[in-house]
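Data block below; observations after.
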Amino acid sequence: MPVSPTYRPDPCFVDLGPEFGDPVLAADFPQTILRVRNDRAAASVGLETLTDDEWRAHLGRFAPLPGQPDPIAMRYHGHQFRTYNPDLGDGRGFLAAQLRDDQNRLLDLGTKGSGQTPWSRRGDGRLTLKGGMREVLAAAMLESLGVPTCRILSLIETGEALERNDEPSPTRSAVMVRLSHSHIRFGTFQRAAYYGRKDQLEVLLEHARSLYHPTVAPGDAPGFLAAVVEASARLTAKWISAGFVHGVLNTDNLNVTGESFDYGPWRFLPHYDPAFTAAYFDNSGLYAFARQPEAVFWNLTQLAGCLKLIAEDQVAALTEALNGFGPAYIRHLRAAFLNRLGVKSLGEAADQRLLDAALALLRDKSEALRWEPLFFDWFGGFSSGARALGGVRGKIYQGEAFDAFRFALLEHEPDRPERLEHPMFAAAEPEELLIDEVEALWSAIEQGDDWTPLHAKLTRLDAARSAWAL
């Protein structure tokens, strides 16, 4: 198989040993129809030279890439809506390969919908085509907004009819491959702790530390926790600045690198609403938009509890690392809002005024001002105010809350104002990804097998990524 010279296989997960994963076989699908091929992501790991036939063979039939082992279903546990579940693990996915990217980071090719594994329970191990399409969109939108996210490398339709209780059935099937900076989850540590396996925790700590947080000293559990806390705080702040609601922030859906993945019932805010939820089954609002920092912190406390088993004499240091989440989150939230508004930092006090004023304006205008247009209209600071005030939302920008926002924004200088020359900023509206558009994109596929609107949307999101340059 021809691969580019940048292809660098590095299957490190197998070094952990057989107690962390199980060799599995992919399902034998009736068809492998290539629907989405992300060549920009593929180029980062040297796979862009694959022909379509080779792509289908390796990312649809899962013939191992050169230098890679057979697929491995990873073992983990997790808290699901705060209830511990020891009956988890990769139930419809596996680790297909590990490669070094052009920044020398170790990235995983992880699947979803690739068939049953020992951890499938009573599931069929499959993914609906609509679910795969939604994940493609979520990752593309988040990447365009500078949020640490996996990238969806491939989506292949597999020709099966699936029965689901949350979609009109039968529905079409797919297999997806994500390119992610680690699938070592908080729940991976929880499984070892559940069985009291200090030896496994020590091996897992060294594996994750050396590969993903190498500045932490060997055996330094508090230092490792502090690094994960920092990365998780940054991720959470980026979600909030993007108006993103993950939907299912269980401990098996957070990893040690602070990169988000596994997009099930996600949503983007239509407008400011702290109680907005993404999952129809989140009846208590546990993972509502404004409760996401709380949810991530709670999950970090579970990780800290696991590490305590191998750092019993370092409880104070673990607690200190854990308590760093709040200050780190606020620091990253200020930075995230400044980035989204395209302005430079002026110091903690002034930056906090701008953050508070932006949130107050969004709250004050409510449904009249959608989340994403605020950042689009005022990107580049108040020097671009003529564009905002002369645009379709010009009449919204008035009143006491807007005056406070204006004065706070005036204090800050534009950051890389040349970005405003991008054609995207000449449009009346930003690229958004609200639920009505997602459903319309799916409707074109479902009713007419028309993939043109989806690919056009992905092209626009990639242009937005270049325009924002976040």
Side-chain angles (χ1 to χ4, degrees), residues 1 3 7-32 34 36-38 41-42 45-47 50 53-77 87-101 106-121 123-128 131-132 135 150-160 162 173-185 187-188 191 204 207-208 211 252-253 255 261-262:
M1 180 200 74
V3 293
Y7 174 76
R8 290 181 285 178
D10 193 352
C12 294
F13 186 79
V14 295
D15 296 340
L16 278 171
E19 293 182 305
F20 292 90
D22 301 272
V24 292
L25 295 174
D28 184 12
F29 298 115
Q31 296 176 295
T32 49
L34 183 54
V36 175
R37 171 177 170 147
N38 188 340
V45 290
L47 295 179
L50 294 177
D53 284 345
E54 291 165 342
W55 188 282
R56 284 187 288 265
H58 293 292
L59 303 179
R61 299 294 181 188
F62 298 102
L65 288 160
Q68 298 288 345
D70 290 329
I72 298 171
M74 299 172 69
R75 300 177 180 180
Y76 50 85
H77 288 180
D87 192 20
L88 290 178
D90 280 339
R92 56 173 173 168
F94 50 64
L95 183 63
Q98 289 189 299
L99 312 172
R100 293 281 174 177
D101 71 359
L106 182 67
L107 298 186
D108 296 349
L109 267 64
T111 71
K112 193 169 186 177
S114 49
Q116 291 181 314
T117 77
W119 312 106
S120 298
R121 292 174 283 176
D124 61 11
R126 270 45 172 191
L127 171 70
T128 67
E135 295 223 18
C150 71
R151 290 168 290 170
I152 305 305
L153 187 65
S154 174
L155 182 67
I156 290 175
E157 188 167 0
T158 54
E160 295 179 312
L162 304 180
S173 60
V175 64
M176 186 188 80
V177 178
R178 69 169 73 96
L179 192 61
S180 186
H181 191 208
S182 180
H183 282 82
I184 302 293
R185 309 158 192 257
T188 314
R191 185 180 189 276
L204 194 56
H207 176 86
L211 291 173
D252 57 304
N253 283 339
N255 68 17
F261 67 106
D262 204 5

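Quantities reported herein were computed from a predicted structural model and do not represent experimental measurements.
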Original post:
Does Glu19 offer a backbone N or O that forms a donor-acceptor pair with the side chain of Arg75 under 3.5 Å?
Top reply: yes
Original post:
Is the Phe20 to His207 ring centre distance short of 6.0 Å?
Top reply: no
Can you give me every donor-acceptor pair (side chain of residues 63-74, partner residue at least two apart or in another chain, under 3.5 Å) with its distance?
unit_1, atom_1, unit_2, atom_2, d
Gln68, OE1, Gln98, N, 3.2
Gln68, NE2, Gln98, O, 2.7

**OP:** To the nearest 0.5 Å, tell me how far Leu155 CG sits from Glu135 CD.
**Re:** 9.5 Å
**OP:** Please examine the side chains of Arg121 and Leu88, heavy atoms only from C-beta on, and report whether any two atoms are closer than 4.5 Å.
**Re:** yes
Original post:
Taking C-beta and beyond as the side chain, do Asp124 and Leu162 meet within less than 4.5 Å on heavy atoms?
Top reply: yes
Original post:
What are the two closest non-hydrogen atoms of Asp22 and Pro118, and how far apart are they?
Top reply: CB-CG, 4.3 Å
Original post:
Is the closest basic N to carboxylate O distance between Arg185 and Asp90 below 4.0 Å?
Top reply: yes
Original post:
Heavy atoms, side chains only, cut-off 4.5 Å: are Phe94 and Phe62 in contact?
Top reply: yes
**OP:** May I have the step-by-step check of side-chain contact (heavy atoms from CB on, under 4.5 Å) for Phe13 and Leu106, ending in yes or no?
**Re:** CA-CA 10 Å; Phe13 186 79; Leu106 182 67; over 6 Å; no
Original post:
So do the side chains of Val45 and Arg8 get within less than 4.5 Å of each other, counting heavy atoms only?
Top reply: no
Subject >> Derivation of the side-chain contact (heavy atoms from CB on, under 4.5 Å) call for Leu127 and Arg92 >> reply: CA-CA 8 Å; Leu127 171 70; Arg92 56 173 173 168; 3.8 Å; yes
Subject >> Rounded distance (nearest 0.5 Å) linking atom CZ of Phe29 with atom CZ of Arg126 >> reply: 5.5 Å
Original post:
Are any non-hydrogen side-chain atoms of Arg178 and Asp108 less than 4.5 angstrom apart?
Top reply: no
Original post:
Do Thr158 and Gln31 come within less than 4.5 Å of each other through their side chains, counting heavy atoms only?
Top reply: no
Original post:
Considering only heavy atoms from C-beta outward, does the side chain of Leu16 approach that of Leu204 to under 4.5 Å?
Top reply: yes
**OP:** Identify the two heavy atoms, one from Cys12 and one from Arg100, that lie closest to each other, and give their separation to 0.1 Å.
**Re:** SG-NH2, 4.4 Å
**OP:** May I ask you to check whether Trp119 and Asp87 show a side-chain donor-acceptor distance below 3.5 Å?
**Re:** no
Subject >> Nearest-0.5 Å distance, OG1 of residue Thr128 to CD of residue Glu157 >> reply: 11.0 Å
Subject >> Closest non-hydrogen atom pair, Thr111 against Ala96 >> reply: CG2-CB, 4.1 Å
Original post:
Roughly how far, to the nearest 0.5 Å, is CG of Leu211 from CD1 of Ile184?
Top reply: 8.5 Å
Original post:
So, for Ser120 and Gly91, which heavy atoms are closest and what is the spacing to 0.1 Å?
Top reply: OG-O, 2.6 Å
**OP:** Kindly give the heavy-atom pair with the smallest separation between Phe261 and Asp252, and that separation in Å.
**Re:** CZ-O, 4.0 Å
Original post:
side-chain contact (heavy atoms from CB on, under 4.5 Å) with Ser154: which of Val36, Asn38, Leu34?
Top reply: Leu34
**OP:** Nearest 0.5 Å please: distance from the CG atom of Asp10 over to the CG atom of Leu99.
**Re:** 8.5 Å
Subject >> Spacing of OG belonging to Ser114 relative to CG belonging to Leu59, to within rounding of 0.5 Å >> reply: 11.5 Å
Original post:
Does Cys150 reach the side chain of Asp262, with side-chain heavy atoms less than 4.5 Å apart?
Top reply: no
**OP:** Run the numbers on Tyr76 and His183 for ring-ring contact (aromatic ring centres under 6.0 Å, His included), then give the verdict.
**Re:** CA-CA 10 Å; Tyr76 50 85; His183 282 82; 9.4 Å; no
